[in-house]
Number of protein chains: 2
Amino acid sequence: MQAIDFYKALSDDTRLRCLLLLQQQGELCVCEFIEALELSQPKISRHLALLKKQNLVVTRKQGQWVFYSINNELPLWCLSTIKLTLENQLDYIQNNVTLLEAMGDRPSRKQLCC
Amino acid sequence: MQAIDFYKALSDDTRLRCLLLLQQQGELCVCEFIEALELSQPKISRHLALLKKQNLVVTRKQGQWVFYSINNELPLWCLSTIKLTLENQLDYIQNNVTLLEAMGDRPSRKQLCC
DNA sequence: ATCATATATATGATTTTTCATATATACAAG
DNA sequence: CTTGTATATATGAAAAATCATATATATGAT
């Protein structure tokens with residue numbers, strides 16, 4: 001992972017919020033991002049696609065939903081940076097978290113293992 | 001310092017190299033960046049001005065030269081991120097360091113203190 | 001006048017956004 | 001089991017916005 005690509009991925013408001021939400025929440029699907037960020041579906045999908053292309057996130061498909069989470073095989077310095085950023089920028093996503101928690105009918109997560 | 005502004009500042013090749021060089025070298029003037037990055041003077045000046053506007057770097061004027069260094073009053077998480085990036089991306093600026101060290105007539109630094 | 005640096009403006013390139021549409025799954029009625 | 005319809009997500013293409021670069025010019029020190 002080249003630093004310049006990593007920072008370009010983080011340098012957009014939508015992508016940064018998505019990543020920090022994932023760091024905090026673990027796993028989220030597209031419709032949850034739409035509610036939490038109050039943005040259009042194509043806009044969210046596009047930015048998530050970009051994060052995926054850079055291998056910052058991975059996806060898991062469950063029925064009609066696609067769940068995104070941070071790729072835990074990223075270099076340690078990338079994972080550390082994301083973690084450090086969240087710890088110091090909780091205010092930045094506070095409103096998004098509130099919206100997410102207020103969301104009705106959130107899709108249920110199947111257990112990942114047996 | 002907002003994370004988004006910090007990452008936008010880092011998300012350009014020229015600015016990232018400048019910052020990492022400063023992290024490693026401590027203090028550099030515009031003419032040294034020109035040699036190390038092999039870029040035009042206005043291009044360097046413009047990017048340094050941007051870093052200064054975001055308070056990532058500070059300047060010290062000495063005669064005809066302007067020396068840039070990382071603003072050590074930045075939030076710790078920013079300083080840590082820059083440090084961590086350099087440690088993991090030494091290759092990225094290796095060629096720039098070589099060019100810098102090969103530079104003739106580098107301006108002398110006055111002692112900063114008594 | 002010369003050297004080092006900064007800035008204004010115009011142009012080109014890249015990125016982001018939007019709209020329309022496509023695909024894939026789900027679910028209910030016949 | 002098919003047909004129709006709704007929901008979730010992705011993507012192509014065009015428009016809009018942002019960002020980077022080059023050239024020319026300005027400032028300030030020696």
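Letters A, B, ... mirror the listed sequences (proteins, then strands); counts begin at 1.
Remark: A:Tyr68 is in phosphate contact with D:dA10, judged by side-chain N or O atoms under 4.0 Å from OP1 or OP2. For the pair B:His47 and D:dT21, the criterion of a side-chain N or O lying under 4.0 Å from OP1 or OP2 is met.
The only option from A:Thr98, A:Leu37, A:Leu20 that meets the side-chain contact (heavy atoms from CB on, under 4.5 Å) definition with A:Ile93 turns out to be A:Leu20.
By the 6.0 Å contact criterion, CD on B:Glu73 is open, its count of non-hydrogen atoms from other residues, nucleotides or ligands being 12 or less.
One atom, CG of B:Leu48, and another, C1' of D:dT21, lie 15 Å apart when rounded to the nearest Å. Between the C1' atom of D:dT11 and the NZ atom of A:Lys43 lies a distance of 17 Å, rounded to the nearest Å. Look at NZ on B:Lys53: it is 15 Å from P on C:dA6, rounded to the nearest Å. Between A:Leu50 atom CG and C:dT15 atom P the separation is 9 Å, expressed in whole Å. What separates CD of B:Gln64 from C1' of C:dA1 is a distance of 14 Å, to the nearest Å. Whole-Å rounding puts the B:Lys52 NZ to C:dA6 P distance at 7 Å. Separating the CE atom of A:Met103 from the P atom of D:dT7 is a distance of 13 Å, rounded to the nearest angstrom. Distance CD1 (A:Ile44) to C1' (D:dA10): 13 Å, rounded to an integer number of Å.
A heavy-atom distance below 4.0 Å to DNA chain C is reached by these residues of residues 1-22 of chain A, ordered by number: A:Asp12, A:Arg15. The stretch residues 31-41 of chain A has no heavy atom under 4.0 angstrom from DNA chain C at all.
D:dA6 is paired with C:dT25 under the criterion used here, namely a Watson-Crick or G-U wobble arrangement in which both key atom distances are under 3.5 Å.
Taking OG1 from A:Thr59 and CD from A:Glu27, the interatomic distance works out to 10.0 Å, rounded to the nearest 0.5 Å. Going from atom CG of B:Leu10 over to atom OG of A:Ser11 covers 9.0 Å, rounded to the nearest 0.5 Å. Atom CG in B:Leu99 sits 13.0 Å away from atom CD1 in B:Ile34 (nearest 0.5 Å).
Ring geometry, A:Phe33 versus A:Tyr68: the interplanar angle exceeds 60°, so the pair is classed perpendicular (tilted spans 30 to 60°).
Checked by distance alone, A:Arg46 brings no side-chain donor or acceptor within 3.5 Å of a matching partner on the base of D:dT9.
Among the heavy atoms of the strands, none lies under 4.0 Å from A:Pro107.
Looking only at side-chain heavy atoms (C-beta outward), A:Trp77 and B:Thr81 stay at 4.5 Å or farther from each other.
Of the N and O atoms on the side chains of A:Ser45 and A:Gln41, at least one donor lies less than 3.5 Å from an acceptor on the other residue.
In this structure, B:Arg17 is positioned above the aromatic face of B:Tyr92, its NZ or CZ under 6.0 Å from the six-membered ring centre and within 45° of the axis.
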